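Predicted, not measured: the structure shown is a model, and the values here were computed from it.
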Amino acid sequence: EGSKMAVVNDLIKLESDGTISFGDYTADTKKKVPDFKVNDDVYYVKTFNEITRLEKNGKLLLETVPGSTVHNFSINENLVSFSIEGKDDIQITMELEPESEYRVVVDDFNIGSVNSGAYGKVSFSVEANGSEKAVKVEKM
């Protein structure tokens, strides 16, 4: 299949390693999967070329502007990791633990730290430009 992983055909899918892949930044119209179940959790994905959004049990996990395709998304209390691809620079917003500091690493390069504030939201940008980037957001 080569190194380019391409779009997730099912909009959202559970990978064999337990991670989730989702999104289709090539779609011209909004597509959504409202109730993708993994164990006891319910995921909601909305995606097209302008925005991609993933929620878990009604809580925002990740949103990108413009839309993106995310592979192998994994989250626990100390680390979020995934790879992402899209056409241009991608603005990523995530809802994490409030009042915390996170280190953002893209393709093994530390791009700095972000603070989550009272509502737990962090935002940062990734220069995708058609290639896939590995992202890690680590709690400090």
Side-chain angles (χ1 to χ4, degrees):
E1 191 186 3
S3 65
K4 188 117 173 79
M5 291 180 73
V7 171
V8 178
N9 292 327
D10 303 329
L11 297 186
I12 184 168
K13 72 178 193 181
L14 183 63
E15 301 290 356
S16 57
D17 61 4
T19 62
I20 291 175
S21 296
F22 62 95
D24 179 357
Y25 67 92
T26 64
D28 292 327
T29 57
K30 285 182 192 167
K31 299 178 178 182
K32 60 174 95 171
V33 176
D35 53 0
F36 184 82
K37 292 182 176 65
V38 178
N39 302 323
D40 294 330
D41 296 311
V42 179
Y43 291 86
Y44 165 89
V45 65
K46 174 175 76 177
T47 185
F48 73 125
N49 56 15
E50 292 178 25
I51 190 169
T52 294
R53 182 178 178 95
L54 179 69
E55 295 176 5
K56 176 180 171 184
N57 302 328
K59 178 181 188 259
L60 172 69
L61 285 181
L62 180 141
E63 183 175 270
T64 72
V65 177
S68 64
T69 298
V70 175
H71 301 280
N72 303 105
F73 181 86
S74 163
I75 185 168
N76 64 38
E77 58 192 35
N78 295 316
L79 177 68
V80 182
S81 67
F82 55 92
S83 62
I84 191 165
E85 61 181 300
K87 291 188 183 87
D88 303 300
D89 287 1
I90 301 169
Q91 179 72 27
I92 299 171
T93 301
M94 302 180 69
E95 197 169 307
L96 300 169
E97 203 172 295
E99 306 292 352
S100 299
E101 187 176 0
Y102 293 88
R103 176 186 305 115
V104 179
V105 178
V106 177
D107 282 347
D108 296 322
F109 180 76
N110 183 356
I111 63 168
S113 63
V114 289
N115 290 306
S116 59
Y119 297 103
K121 290 221 166 58
V122 299
S123 292
F124 57 94
S125 192
V126 172
E127 294 175 32
N129 300 323
S131 63
E132 190 173 323
K133 302 290 186 179
V135 179
K136 288 188 180 128
V137 182
E138 304 168 295
K139 189 169 180 195
M140 294 175 66

query: If you count the non-hydrogen atoms of other residues, nucleotides and ligands that lie under 6.0 Å from CG in Asp108, is the total more than 12?
result: no

message: Does atom CD (Glu127) have a neighbourhood of more than 12 heavy atoms from anything else shown, all under 6.0 Å?
response: no

message: Any side-chain to backbone donor/acceptor pair from Asp10 onto Ile12? Under 3.5 Å, distance only.
response: no

message: With side chain to side chain contact (heavy atoms under 4.5 Å, CB included) as the test, pick out the partner of Ile90 among Asn129, Thr52, Thr64.
response: Thr64

- prompt: Are Leu54 and Val70 side-chain neighbours, meaning at least one heavy-atom pair lies under 4.5 Å?
  reply: no

- request: Answer with yes or no whether the hydrophobic clustering places Tyr43 together with Ile75; edges join I, L, V, M, F, W, Y residues whose side-chain heavy atoms lie under 4.5 Å apart.
  value: yes

message: Hydrophobic clusters here meaning ILVMFWY residues chained together by side-chain heavy-atom distances under 4.5 Å, can you tell me if Leu79 and Val126 are in one?
response: no

- line: Heavy-atom nearest pair, Met94 first then Phe124, reads SD-CE2, 4.2 Å

- prompt: Is Asn115 reaching over with its side chain to a backbone N or O of Gly117, donor-acceptor style, under 3.5 angstrom?
  reply: no

- request: For the residue pair Met140 and Ser113, establish whether any side-chain heavy-atom pair is separated by less than 4.5 Å.
  value: yes

task: Could you tell me whether a side-chain N or O of Asp107 sits under 3.5 Å from a main-chain N or O of Phe109, the two making a donor and an acceptor?
output: no

Any side-chain heavy-atom pair of Ile20 and Leu14 under 4.5 Å: yes

query: Any side-chain heavy-atom pair from Val65 and Thr93 closer than 4.5 angstrom?
result: no

message: Is it the case that over 12 heavy atoms from other parts of the model lie below 6.0 angstrom from the NZ atom of Lys30?
response: no

- prompt: What are the two closest heavy atoms between Ser21 and Asn72, and how far apart are they?
  reply: OG-N, 3.0 Å

- line: Between Thr29 and Phe48, the two heavy atoms sitting closest are O-CB, 3.2 Å

- line: Output for pair (Ser68 OG, Asn49 CG), nearest 0.5 Å, gives 11.5 Å

message: Within a 6.0 Å radius of atom NZ on Lys136, are there more than 12 heavy atoms belonging to other residues, nucleotides or ligands?
response: no

- prompt: Do you know the tightest heavy-atom contact between Lys139 and Ser100?
  reply: CE-OG, 3.7 Å

query: Side chains of Glu50 and Pro66: closer than 4.5 Å at any heavy-atom pair?
result: no

query: Do the side chains of Tyr102 and Ser116 get nearer than 4.5 Å, heavy atoms only?
result: yes

For the student: nearest non-hydrogen atoms of Leu60 and Glu95, plus distance: O-CB, 3.1 Å

query: If only atom types and distance count, is the side chain of Thr47 paired as donor or acceptor with the main-chain N or O of Asp24 below 3.5 Å?
result: yes

- prompt: Got more than 12 heavy atoms from elsewhere within 6.0 Å of CG, Asp41?
  reply: yes

message: Measuring from atom NZ of Lys133 to atom CD1 of Ile84, what distance do you get when rounded to the nearest 0.5 angstrom?
response: 11.5 Å

- line: For Val42 and Asp35, the nearest pair of non-hydrogen atoms, with its separation, is CG1-CA, 3.8 Å

task: Given side-chain contact (heavy atoms from CB on, under 4.5 Å), test Phe22 with Val33 step by step and report yes or no.
output: CA-CA 10 Å; Phe22 62 95; Val33 176; over 6 Å; no

field: Side-chain heavy-atom pair Phe82, Val135 within 4.5 angstrom cut-off
entry: yes

message: Quick one, His71 with Glu15, criterion side-chain hydrogen bond (donor to acceptor under 3.5 Å, both in side chains). Give me CA distance, side-chain angles, the key distance, then yes/no.
response: CA-CA 9 Å; His71 301 280; Glu15 301 290 356; 5.4 Å; no

